[in-house]
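First comes the structure, then the notes that go with it.
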Amino acid sequence: MSDEKLTPRSENFSDWYNELVLKAELADYSPVRGCMVVRPYGWTLWENIQQALDKRFKETGHVNAAFPLFIPMSFLEKEKAHVEGFSPELAVVTHGGGEKLEEPLVVRPTSETIIGYMYSKWIKSWRDLPLLINQWGNVVRWELRTKLFLRTAEFYWQEGHTAHATEQEAREETLRMLDVYTDFSINEAAVPVIKGIKSETEKFAGAVMSTTIEAMMQDTRALQSGTSHYLGQNFAKAFEIQFTNQNNELEFAYTTSWGLSTRMIGAIIMTHGDDQGLILPPRLAPIQVVMIPIYKNDAEKAAVMPVTDRIFRELKAAGLRLKVDDREGLTPGFKYNDWEMRGVPLRMEIGPKDVEKGSVALARRDIPGKAGKSFVSQENLIATVQEMLTTIQAALLERAIAMRDSHIDDPQTYEELKQVVQSGWAFSYWCESKQCEAKVKEDTKASTRCIPIEGQPEHEGKCIVCGAPAKRKVYFAKAY
RNA sequence: CGGGGUGUGGCGCAGCUGGCAGCGCACCGCGUUUGGGACGCGGGGGUCGUCGGUUCGAAUCCGACCACCCCGACCA
């Protein structure tokens, strides 16, 4: 149970986040440094995320499989950029069964290499392509500085790995899955995102092109919430993923990979949460409606509970996820605060007055206090509740979009840009040179987040940093 | 790895000019409560981060070590 209040976001956003994750019982610190324990409430949220994504993966022709947790060290070393990118953060197993291993095994930081190895065995002909596999699992990256959900040494995710006969197909797949992430994020998590292309310095180790969905948190920092990579033939060459094409010629396949992790939970927390606690989008919430029966004595309890039970059964049968908080010895007020901390989108109060009048009280989590409270008839309650959940889902998205859009600026000078990225994102022309990117980072700590795929101006402009001609605009922002 | 800080019941802390451990919350029991964080009474729980030193006596003084946190470095 949650007891005290959270540190207000305005006072210390980071403290607010850490306290919220613990008090909402999403996760807890583990005895292993940097690793988290995902508690049942947090894991149920993750399961709902998994379901929504998995459905979309299946609809786009993918199947699930499982690859080993351990990867021979030599595999990592086969792709130069890949090993350079990941070697500082590898966990390595050197012993097994009491004996030193002939070859160290790395605990997978991602599975391109071992999946590449398997693909080379499985792919012989153009008829074997495309190969579209996804894996749900965990990976380990030895992070120096960790934060629950956002950056942990071990995290849970899915990684899709596909192989294609042509560059065009693989590039299409890369963008198709970015679209899947975008659709999921906006329509399930109510987290608005901007999809775009990563700069050369920000892209995945071993990729030809990385794409990303970037979300703005309430402190205006950017969070990369999902990524999709076009790997070209880099891994195909490293692992000899070759096929015979229709002209009987041997060709390297074109591969992609894409992932979304438990970091998404962090995105949901920091997009929607308020000073009372978590606010979950109804479509993903483990509990969509919490019912709180109210009574003063046994006589009232005897009147209230049958009505509560009846409504519970009706709503449950309609497919709603709900819970009756029938804990004894706690005041209703305490329970309200307790469920608000956990972010349940809708609260239903049923007391003696409601039993008498055939009504219930509904309180929206996204609108605190009296303003969000309404008294509705028990008639047509299923439809009323479903409508209200839909309304809340839409309101959360709308509010997040408004927040984001009001914190994106188009600075006209470099001096302005330096100001803008202190409390928002700058959308500016950039010449795409590493020097200019590095200068911004050095001066402001803001990095390039992405070159958005949509919403680019029709005309060229001048780089905000050096003034050289620039074709495209990029978002500069401080990031998690 | 550099700078700063903290280690005392589950959590947050007090005690630190040495005298044998305490408060709030949480937890357990009983009773009264219950439409926005209830109250009373009664309980249980700590080798004071570790090791060593000083002392008749150490949570307290000294030394070493360990762990964690914050800032920085690092972070597909």
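Residue numbers start from 1 in every chain, and the chains themselves are labelled A, B, ... in the order their sequence lines are given, proteins ahead of strands. Keep in mind the model is a prediction, meaning the values are calculated, not measured.
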Compile the donor-acceptor pairs under 3.5 Å between side chains in residues 265-277 of chain A and protein atoms, sequence neighbours left out, one pair per line.
{"from": "A:Thr271", "atom 1": "OG1", "to": "A:Ala267", "atom 2": "O", "distance (Å)": "2.6"}
{"from": "A:His272", "atom 1": "NE2", "to": "A:Ala189", "atom 2": "O", "distance (Å)": "2.9"}
{"from": "A:His272", "atom 1": "NE2", "to": "A:Ala190", "atom 2": "O", "distance (Å)": "3.2"}
{"from": "A:Asp274", "atom 1": "OD1", "to": "A:Gln276", "atom 2": "N", "distance (Å)": "2.8"}
{"from": "A:Asp274", "atom 1": "OD1", "to": "A:Gly277", "atom 2": "N", "distance (Å)": "3.2"}
{"from": "A:Asp274", "atom 1": "OD1", "to": "A:Arg365", "atom 2": "NH1", "distance (Å)": "3.4"}
{"from": "A:Asp274", "atom 1": "OD1", "to": "A:Arg365", "atom 2": "NH2", "distance (Å)": "2.7"}
{"from": "A:Asp274", "atom 1": "OD2", "to": "A:Arg365", "atom 2": "NH1", "distance (Å)": "2.9"}
{"from": "A:Asp275", "atom 1": "OD1", "to": "A:Arg9", "atom 2": "N", "distance (Å)": "2.9"}
{"from": "A:Asp275", "atom 1": "OD1", "to": "A:Arg9", "atom 2": "NE", "distance (Å)": "2.8"}

Report task. Go through the side-chain N and O atoms of A:Ser120 and A:Glu240 and say whether any donor and acceptor fall under 3.5 Å apart. Result -> no
Requested in this report: May I ask you to say whether A:Lys441 pairs ionically with A:Glu437, meaning some side-chain N is under 4.0 Å from a carboxylate O?
Outcome: no
Requested in this report: Figure out the CG/P separation between A:Asp338 and B:G37, and round it to whole Å.
Outcome: 14 Å
Report summary line: Checking N1-N3 plus N6-O4 or O6-N4 for Watson-Crick, or N1-O2 and O6-N3 for wobble, each under 3.5 Å, the partner of B:C51 is B:G63
Query raised in the report: When you compare B:C25 with B:A38, how far apart are their C1' atoms, in angstrom units rounded to a whole number?
Result: 15 Å
Query raised in the report: Just checking A:Glu112: base, sugar-phosphate only, or nothing, at a heavy-atom cut-off of under 4.0 Å?
Result: nothing
Query raised in the report: Any side-chain N or O of A:Thr331 less than 4.0 Å from the OP1 or OP2 oxygen of B:A38?
Result: yes
**Report entry** Nucleotide opposite B:G18 in a Watson-Crick or G-U pair, distances under 3.5 Å
**Finding:** none
Please list, pair by pair, any protein nitrogen or oxygen found under 3.5 Å from a nitrogen or oxygen in nucleotides 74-76 of chain B.
{"from": "B:C75", "atom 1": "O2", "to": "A:Arg151", "atom 2": "NE", "distance (Å)": "3.3"}
{"from": "B:C75", "atom 1": "O2", "to": "A:Arg151", "atom 2": "NH1", "distance (Å)": "3.2"}
{"from": "B:C75", "atom 1": "O2", "to": "A:Arg151", "atom 2": "NH2", "distance (Å)": "3.4"}
{"from": "B:A76", "atom 1": "O3'", "to": "A:Lys203", "atom 2": "O", "distance (Å)": "2.7"}
{"from": "B:A76", "atom 1": "O3'", "to": "A:Ala205", "atom 2": "N", "distance (Å)": "2.3"}
{"from": "B:A76", "atom 1": "O2'", "to": "A:Lys203", "atom 2": "O", "distance (Å)": "3.0"}
{"from": "B:A76", "atom 1": "O2'", "to": "A:Phe204", "atom 2": "N", "distance (Å)": "2.7"}
{"from": "B:A76", "atom 1": "N7", "to": "A:Arg141", "atom 2": "NH1", "distance (Å)": "2.0"}
{"from": "B:A76", "atom 1": "N7", "to": "A:Arg141", "atom 2": "NH2", "distance (Å)": "3.1"}
{"from": "B:A76", "atom 1": "N1", "to": "A:Gln224", "atom 2": "NE2", "distance (Å)": "2.7"}

Query raised in the report: Is there a donor and acceptor pair, one atom on the side chain of A:Gln276 and one on the base of B:G37, closer than 3.5 Å?
Result: no
Report task. State which residues pass side chain to side chain donor-acceptor pair (under 3.5 Å) with A:Tyr230; sequence neighbours excluded, sorted by chain then number. Result -> none
**Report entry** G-U wobble or Watson-Crick pairing nucleotide for B:G40 (cut-off 3.5 Å, both distances)
**Finding:** B:C30
**Report entry** Touch class at under 4.0 angstrom, heavy-atom based, for A:Ala81 against every strand present
**Finding:** nothing
Query raised in the report: What is the distance from CD of A:Glu349 to P of B:G36, rounded to the nearest Å?
Result: 8 Å
Query raised in the report: Distance between the C1' atoms of B:U50 and B:A58, in whole angstroms?
Result: 15 Å
Requested in this report: For nucleotides B:G40 and B:C51, find the distance between their C1' atoms and express it as a whole number of Å.
Outcome: 47 Å
Query - No-hydrogen, no-angle side-chain donor-acceptor test under 3.5 Å, A:Arg263 and A:Gln224 - result: no
Query - Distance, C1' atom - from B:U47 to B:C20, rounded to whole angstrom - result: 13 Å
Query - Separation of atom CG in A:Asp325 from atom P in B:G35, rounded to whole Å - result: 14 Å
Query raised in the report: Roughly how many Å is it from CD in A:Glu356 to C1' in B:G35, rounded to a whole number?
Result: 13 Å
Query raised in the report: To the nearest Å, how far apart are A:Asn12 CG and B:C69 P?
Result: 16 Å
Report summary line: Under a 4.0 Å heavy-atom cutoff, the residues of residues 288-309 of chain A touching RNA chain B are A:Ile294, A:Tyr295, A:Lys296
Query raised in the report: Does any non-hydrogen side-chain atom of A:Asp309 lie less than 4.5 Å from one of A:Arg313?
Result: yes
Requested in this report: Can you tell me, in whole Å, how much space there is between the C1' of B:G22 and that of B:A59?
Outcome: 12 Å
Query raised in the report: How close or far is atom C1' of B:A38 from atom CZ of A:Arg327, stated in whole angstroms?
Result: 15 Å
**Report entry** Pair partner, B:G24 [Watson-Crick or wobble, under 3.5 Å]
**Finding:** B:C11
Show me, pair by pair, the donor-acceptor contacts under 3.5 angstrom made by side chains of residues 65-78 of chain A, not counting sequence neighbours?
{"from": "A:Ser74", "atom 1": "OG", "to": "A:Glu103", "atom 2": "OE2", "distance (Å)": "2.7"}

Query raised in the report: Considering only heavy atoms from C-beta outward, does the side chain of A:Val440 approach that of A:Thr448 to under 4.5 Å?
Result: no
Report task. Could you check how far CZ of A:Phe334 sits from C1' of B:G35, rounded to whole Å? Result -> 17 Å
Report task. Quick one: sort the A:Phe239 and A:Phe235 rings into parallel, tilted or perpendicular, breaks at 30° and 60°. Result -> parallel
Query raised in the report: For atom C1', what is the distance between B:U34 and B:C70, given to the nearest Å?
Result: 43 Å
Query - Distance, rounded to the nearest Å, where A:Glu442 contributes CD and B:A73 contributes P - result: 11 Å
Report summary line: Sorted by position of nearest nucleotide on RNA chain B, 5' first, the leading residue of A:Lys445 and A:Thr146 is A:Thr146
Query raised in the report: Please, which pairs that meet ring pair (Phe, Tyr, Trp, His ring centres under 6.0 Å) have at least one residue in residues 198-219 of chain A, sequence neighbours excluded?
Result: A:His82-A:Phe204, A:Phe86-A:Phe204, A:Phe204-A:His229
Query raised in the report: Quick one: does A:Glu154's side chain have a donor or acceptor within less than 3.5 Å of a partner on A:Arg141's backbone?
Result: no
Requested in this report: Determine the Euclidean distance between corresponding C1' atoms of B:C30 and B:C66; express it in Å to zero decimal places.
Outcome: 46 Å
Report task. Take atom C1' in B:G10 and the same atom in B:G46, then report the distance between them in whole Å. Result -> 11 Å
